[in-house]
Every structure is written in C-alpha cells, then in structure tokens.
Amino acid sequence: MTRDRGQLEADVMRLLWDADAPRTAKELQAGFEGSAPAVTTVLTVLDRLRRKGLVTRSDAKTNITFTATRSESDHAVENMLQSLETTGDRQAVLLRFAGDLDRADAELLRRALEGRDRRRTRPGSRADSSGGVKDRG
C-alpha cells in the first residue's frame with residue numbers, strides 16, 4: 001500500500017493523540033486499519049517524530065513507550081501560525097481563511113476574538129499593563 005508523503009507520520013500522530021496513555025510501537029502498529037506498516041517502519045517514523053520534537057520516548061529498557069509532546073489542537077495552531085509567518089500576504093491568507101469558514105466556525109472565531117479583546121482592554125490586566133500580548137498585524 002502506497003501512502004502520500006507524510007501520511008504515515010500523520011497516522012502515527014493521530015494514534016498517539018487518540019491514545020489515553022503512552023503506546024508502544026506494537027500497540028501503534030495494531031491501531032492501523034487495513035494494511036499496517038511493519039513495526040520497524042513504525043519505529044523509524046517514531047524516531048523521526050522524536051527528532052522533530054513531536055514525540056517523546058520513555059527511558060524504559062523494555063516496552064518502550066511513546067507520547068505526543070503536545071495536543072492535536074496545539075499542533076494545529078502552531079502549523080497555522082507558522083504558515084502565517086511564512087506567507088507573503090498575511091492579510092490575503094487571513095481573509096481567505098475567514099471567508100472559507102462555515103457559519104458555526106466563523107461565529108466561534110468571532111466570539112474568541114471578542115473575548116480576547118475584552119481581556120486586553122481590562123484595566124490592570126496583564127496583557128494591558130505589561131504588553132505581554134501584542135498584535136501581529
């Protein structure tokens with residue numbers, strides 16, 4: 001079975017994010033639907049993810065386990081912010097992103113931004129007094 005570039009890493013991360021505890025490579029291999037990669041392939045992917053800082057490995061001599069270093073949502077946010085940082089036209093990207101949201105997501109984003117603005121303007125708030133939060137635009 002041929003996978004798209006990066007798909008195996010994404011599949012392993014999905015299994016780790018869905019796990020309620022650290023997992024061994026064999027446990028991750030068993031979590032694949034359909035054709036599962038060899039355990040050595042899973043270990044290679046886990047080592048690549050560890051070097052990228054996405055996965056930690058236990059120090060156990062046997063039954064070595066792996067855990068995601070951050071949540072799926074934190075990972076998505078980091079990717080979105082990195083994409084914004086590397087674009088030539090940040091405004092165009094933000095406008096296109098906002099325009100492609102469905103109503104429910106747009107409303108959720110609007111409420112989140114309003115809540116952020118209220119926290120920023122509250123007298124004596126950390127963001128207001130220390131400048132700890134800054135606008136990117």
Side-chain angles (χ1 to χ4, degrees):
M1 177 177 157
T2 305
R3 289 182 174 83
D4 290 336
R5 181 175 170 83
Q7 186 60 50
L8 191 52
E9 286 186 5
D11 291 344
V12 169
M13 289 305 301
R14 163 76 40 231
L15 291 168
L16 286 171
W17 284 322
D18 290 346
D20 57 356
R23 295 285 185 240
T24 66
K26 284 186 180 183
E27 290 170 331
L28 291 168
Q29 179 195 36
F32 278 83
E33 295 180 13
S35 178
V39 73
T40 54
T41 302
V42 174
L43 284 165
T44 298
V45 169
L46 287 163
D47 186 56
R48 287 183 186 150
L49 292 168
R50 186 187 55 77
R51 283 186 270 135
K52 291 179 180 181
L54 299 174
V55 168
T56 57
R57 177 186 162 173
S58 70
D59 291 333
K61 299 277 190 233
T62 59
N63 288 328
I64 298 166
T65 58
F66 299 86
T67 308
T69 57
R70 57 185 154 284
S71 70
E72 180 181 16
S73 59
D74 286 343
H75 180 70
V77 168
E78 183 178 308
N79 285 340
M80 292 167 70
L81 291 173
Q82 185 177 16
S83 292
L84 278 176
E85 291 296 325
T86 59
T87 187
D89 190 348
R90 186 181 185 101
Q91 181 177 355
V93 172
L94 286 169
L95 290 172
R96 172 72 190 270
F97 176 75
D100 286 347
L101 293 175
D102 65 25
R103 276 188 200 273
D105 287 342
E107 177 61 21
L108 181 64
L109 184 57
R110 185 187 62 73
R111 287 193 320 260
L113 291 171
E114 286 175 353
R116 181 193 68 163
D117 290 343
R118 281 192 298 271
R119 286 189 305 275
R120 281 185 171 184
T121 58
R122 193 176 326 138
S125 71
R126 210 172 104 183
D128 181 48
S129 61
S130 71
V133 176
K134 68 175 191 169
D135 281 329
R136 292 176 171 260

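The figures that follow rest on heavy atoms only: side chains count, while hydrogens, waters and symmetry mates do not.
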J.: Suppose we screen for salt bridge (Lys or Arg N to Asp or Glu O under 4.0 Å). Which residues come up paired with R70, at least two apart in sequence or across chains?
T.: E78
J.: Is there a path of hydrophobic side-chain contacts, each under 4.5 Å between heavy atoms of I, L, V, M, F, W or Y residues, that connects L94 with L109?
T.: no
J.: Check whether any side-chain N or O of T87 sits under 3.5 Å from a backbone N or O of S83 as a donor-acceptor pair, and report yes or no.
T.: no
J.: Tell me, please, which residues at least two apart from D105 pass salt bridge (Lys or Arg N to Asp or Glu O under 4.0 Å).
T.: none
J.: Please check: side-chain N/O of T65 versus main-chain N/O of S58, any donor-acceptor pairing under 3.5 Å?
T.: no
J.: Please list all pairs passing the ring pair (Phe, Tyr, Trp, His ring centres under 6.0 Å) test where one or both residues lie in residues 76-114, with sequence neighbours left out.
T.: none
J.: Side-chain contact, heavy-atom cut-off 4.5 Å: E107 with R110?
T.: yes
J.: List for me each residue that meets side-chain contact (heavy atoms from CB on, under 4.5 Å) alongside A38, sequence neighbours excluded, and say none if there are none.
T.: T40, T41
J.: Assigning hydrophobic clusters by single linkage (Ile, Leu, Val, Met, Phe, Trp, Tyr; side-chain heavy-atom cutoff under 4.5 Å), is L95 placed with L84?
T.: no
J.: Do you know which two heavy atoms are closest between T69 and G53, and how far apart they sit?
T.: OG1-O, 2.7 Å
J.: Under the 4.5 Å side-chain heavy-atom rule for ILVMFWY, direct or indirect, which residues accompany L54?
T.: L8, V12, M13, L15, L16, W17, L28, F32, V42, L43, V45, L46, L49, V55, I64, F66
J.: Only counting residues at least two apart or in another chain, list the ones meeting salt bridge (Lys or Arg N to Asp or Glu O under 4.0 Å) with R103.
T.: none
J.: Pairs in or reaching into residues 52-68: which pass salt bridge (charged side-chain N to carboxylate O under 4.0 Å, His left out), with residues at least two apart or in two chains?
T.: E9-K52
J.: Could I get the full list of side-chain contact (heavy atoms from CB on, under 4.5 Å) partners for V77, not counting sequence neighbours?
T.: L81
J.: Mind checking what makes side-chain contact (heavy atoms from CB on, under 4.5 Å) contact with S71, not counting sequence neighbours?
T.: S73, D74
J.: Do D11 and R14 make a side-chain contact, defined as non-hydrogen atoms from C-beta onward lying under 4.5 Å apart?
T.: no
J.: Inspect the surroundings of CD in Q91 and state if more than 12 heavy atoms from other residues, nucleotides or ligands are less than 6.0 Å away.
T.: no
J.: Under the side-chain contact (heavy atoms from CB on, under 4.5 Å) rule, collect the residues that match up with L108, sequence neighbours excluded.
T.: R111
J.: Would you please name every residue forming a side chain to side chain donor-acceptor pair (under 3.5 Å) with N63, sequence neighbours left out?
T.: none
J.: Taking salt bridge (Lys or Arg N to Asp or Glu O under 4.0 Å) as the test, write out the residues that go with D100, two or more places apart.
T.: R96
